[in-house]
Amino acid sequence: MTDAYLYTGTRTPFGRYNGALAAVRPDDLAAAALANLLTRVPDLDTARVDEVILGNANGAGEDNRNVARMATLLAGIPVSVPGSTVNRLCGSSLDATISAARAIETGDAAVVVAGGVESMTRAPWVLPKPSRAYPAGDTTAVSTTLGWRLVNPKMPTQWTASLGECNEQLQEAHGISRERQDAFAARSHRLADAAWNTGFYDDLVDPVPGTDLSRDEAIRPGSTSEALASLKPAFRADGTITAGNASPLNDGAAALLLGSEHAGDIIGIEPLARIAGKAAAAIEPNKFGFAPVAAATKALHRAGLNWTDIGAVELNEAFAVQALACVDAWKIDPDIVNVHGGAIAIGHPLGASGARLISTLAKTLRQGRHRWGVAAICIGVGQALAVVLENCSGDTR
């Protein structure tokens with residue numbers, strides 16, 4: 001067994017639903033991220049890439065039929081480089097990263113590109129096929145943008161509640177107030193705006209050709225707890241979750257270059273971070289927002305670490321309430337979590353978010369001179385993934 005390392009990463013700016021990236025097909029979004037990634041390693045012969053693994057949650061439209069392979073071809077990567085697409089919903093690109101790391105660790109690959117893509121704007125409506133020809137009744141087109149669809153009637157109804165309703169239940173179980181959620185959301189916007197203004201994201205984000213979007217489109221610099229408090233609940237009349245304290249719908253792609261310890265000779269640069277631990281966890285589908293608690297704990301155990309060793313955490317903010325529930329359960333300092341903003345501000349294009357967490361965490365570790373960090377993400381239908389990174393710079397506190 002060998003170790004797997006992150007060498008570099010990039011992502012597109014994340015666009016709003018029906019925003020600046022709405023006209024870009026998801027396979028083109030992914031191809032742009034791949035092409036931008038490879039410009040960062042000009043000494044790498046792209047034919048030496050063993051595989052491209054991309055995550056994608058929907059796959060019902062222009063991202064169908066293995067978007068990883070399509071994007072690989074569109075990016076001009078040699079046809080000899082294979083590609084596969086994985087789907088673990090919101091965790092898809094983190095799952096792709098874990099799959100890439102395992103291939104490297106077992107010696108099946110030396111250089112792997114991992115990442116993911118989602119165009120939630122362009123996710124199509126679908127029509128289920130009838131059970132018999134020429135039915136007399138009407139047929140309903142079902143949106144594939146987000147959430148349950150074409151639900152199996154055998155599934156318990158408490159498991160198939162909307163994502164928002166599930167998190168209202170989480171709020172009730174953990175007593176997390178609307179005020180805390182709004183404050184957390186305002187913090188996300190404030191920190192993301194500050195990170196962009198100070199240049200933190202300048203070398204982590206590359207534009208999509210043919211568009212003029214240069215930074216994440218959903219960030220609202222003027223967000224305050226007071227302004228967010230005026231928004232109406234979205235899922236219950238007396239609820240706490242609003243459009244302001246939940247992640248928006250977004251379009252975007254991200255790509256990472258992973259390799260073995262000795263792959264630096266092929267890639268031409270030094271690694272940024274080592275994949276030190278990784279884990280998946282699962283609980284009841286309606287409690288999915290709390291699943292990162294177990295996933296991160298397992299990943300830390302596999303890395304031989306405790307929370308006291310961790311200097312930075314990137315936790316995907318699907319909802320403020322679920323992020324707060326996880327931070328509370330871990331009993332960690334909330335000030336080490338998402339210090340450059342999170343998905344509530346930056347956005348959450350489902351298939352791309354996990355890879356965003358990894359590249360952001362690696363830079364945060366180096367900037368803050370932390371040795372260890374955790375990236376974690378909750379996943380619909382009751383799952384979560386987590387990865388532990390070790391800063392390879394040697395300059396740690």
Side-chain angles (χ1 to χ4, degrees), residues 1-11 37 40-41 94 97-98 100-102 104-105 112 114 187 191-192 194-196 198-205 254 256-265 267-279 292-293 295-316 323 326-327 330-342 346 354-377 385-397:
M1 295 287 287
T2 185
D3 286 324
Y5 293 82
L6 172 69
Y7 279 83
T8 188
T10 182
R11 66 175 176 89
L37 179 77
R40 294 167 177 254
V41 283
L94 198 57
T97 303
I98 290 172
R102 286 184 183 136
I104 292 163
E105 290 164 352
V112 182
R187 171 188 183 267
L191 293 178
W196 272 105
T198 58
F200 175 84
Y201 286 114
D202 288 353
D203 62 350
L204 295 180
V205 178
L256 308 171
L257 186 65
L258 280 73
S260 67
E261 183 176 6
H262 302 295
D265 294 336
I267 296 170
I269 59 175
E270 295 296 316
L272 301 173
R274 179 175 70 92
I275 310 296
K278 48 195 179 297
V293 174
T297 301
K298 288 170 67 175
L300 284 170
H301 177 73
R302 291 172 180 174
L305 302 171
N306 297 304
W307 277 113
T308 54
D309 299 308
I310 301 304
V313 175
E314 282 293 318
L315 172 62
N316 195 57
C326 293
V327 172
W330 289 328
K331 296 181 172 60
I332 60 174
D333 181 355
D335 288 341
I336 72 169
V337 178
N338 299 350
V339 297
H340 300 102
I346 293 168
R356 177 191 73 79
L357 298 178
I358 291 293
S359 59
T360 303
L361 179 62
K363 183 170 181 179
T364 300
L365 292 177
R366 295 170 79 85
Q367 186 183 70
R369 298 174 58 210
H370 307 298
R371 182 176 179 184
W372 304 103
V374 171
I377 193 165
L385 292 171
V387 169
V388 178
L389 290 187
E390 180 185 16
N391 180 358
C392 286
S393 71
D395 180 20
T396 58
R397 291 182 283 183

Quick check: do Glu314 and Asn338 have side-chain heavy atoms less than 4.5 Å from each other? yes
What do you reckon, is CD of Gln367 surrounded by more than 12 foreign heavy atoms closer than 6.0 Å? yes
Taking distance alone, no hydrogens or angles, what donor-acceptor pairs closer than 3.5 Å link side-chain atoms of residues 297-308 to residues at least two apart or in another chain?
{"from": "Thr297", "atom 1": "OG1", "to": "Val293", "atom 2": "O", "distance (Å)": "2.8"}
{"from": "Lys298", "atom 1": "NZ", "to": "Ala280", "atom 2": "O", "distance (Å)": "2.7"}
{"from": "Arg302", "atom 1": "NH1", "to": "Lys278", "atom 2": "O", "distance (Å)": "3.0"}

Would you give the length of the straight line joining atom OH of Tyr5 to atom CD1 of Ile267, rounded to the nearest 0.5 angstrom? 12.0 Å
How long is the span from the CG atom in Asp3 to the CD atom in Glu105, to the nearest 0.5 Å? 7.0 Å
Taking all heavy atoms of Ala254 and all of Arg11, pick out the closest pair and write down the distance. CB-CB, 3.7 Å
pair Trp330-Val374: side-chain heavy atoms closer than 4.5 Å: no
Here the gap from Leu258 atom CG to Ile104 atom CD1, rounded to the nearest 0.5 Å, amounts to 5.0 Å
Value rounded to 0.5 Å, distance of CG in Asp333 from CG in Asp335: 4.5 Å
Looking only at non-hydrogen atoms, find the nearest pair between Ala375 and Ile358 and report the distance. CB-CD1, 4.0 Å
What is the distance from atom OG1 of Thr97 to atom CG of Leu357, rounded to the nearest 0.5 Å? 9.5 Å
Can you check whether Val327 reaches Ile332 side chain to side chain, under 4.5 Å on heavy atoms? yes
Beyond-backbone contact of Asn316 with Arg356, side-chain heavy atoms, under 4.5 angstrom: yes
Distance-minimising heavy-atom pair for Thr364 and Ala312: CG2-CB, 3.8 Å
Lys/Arg cation over aromatic Tyr7: Arg40, 6.0 Å, 45° cone: no
Which atom of Pro292 lies closest to which atom of Leu315, heavy atoms considered: CB-CD1, 4.2 Å
With sequence neighbours left out, the residues meeting salt bridge (Lys or Arg N to Asp or Glu O under 4.0 Å) with Asp203 are Lys363
Would you compute the distance between atom CG of Leu389 and atom OG of Ser359 and round it to the nearest 0.5 angstrom? 10.0 Å
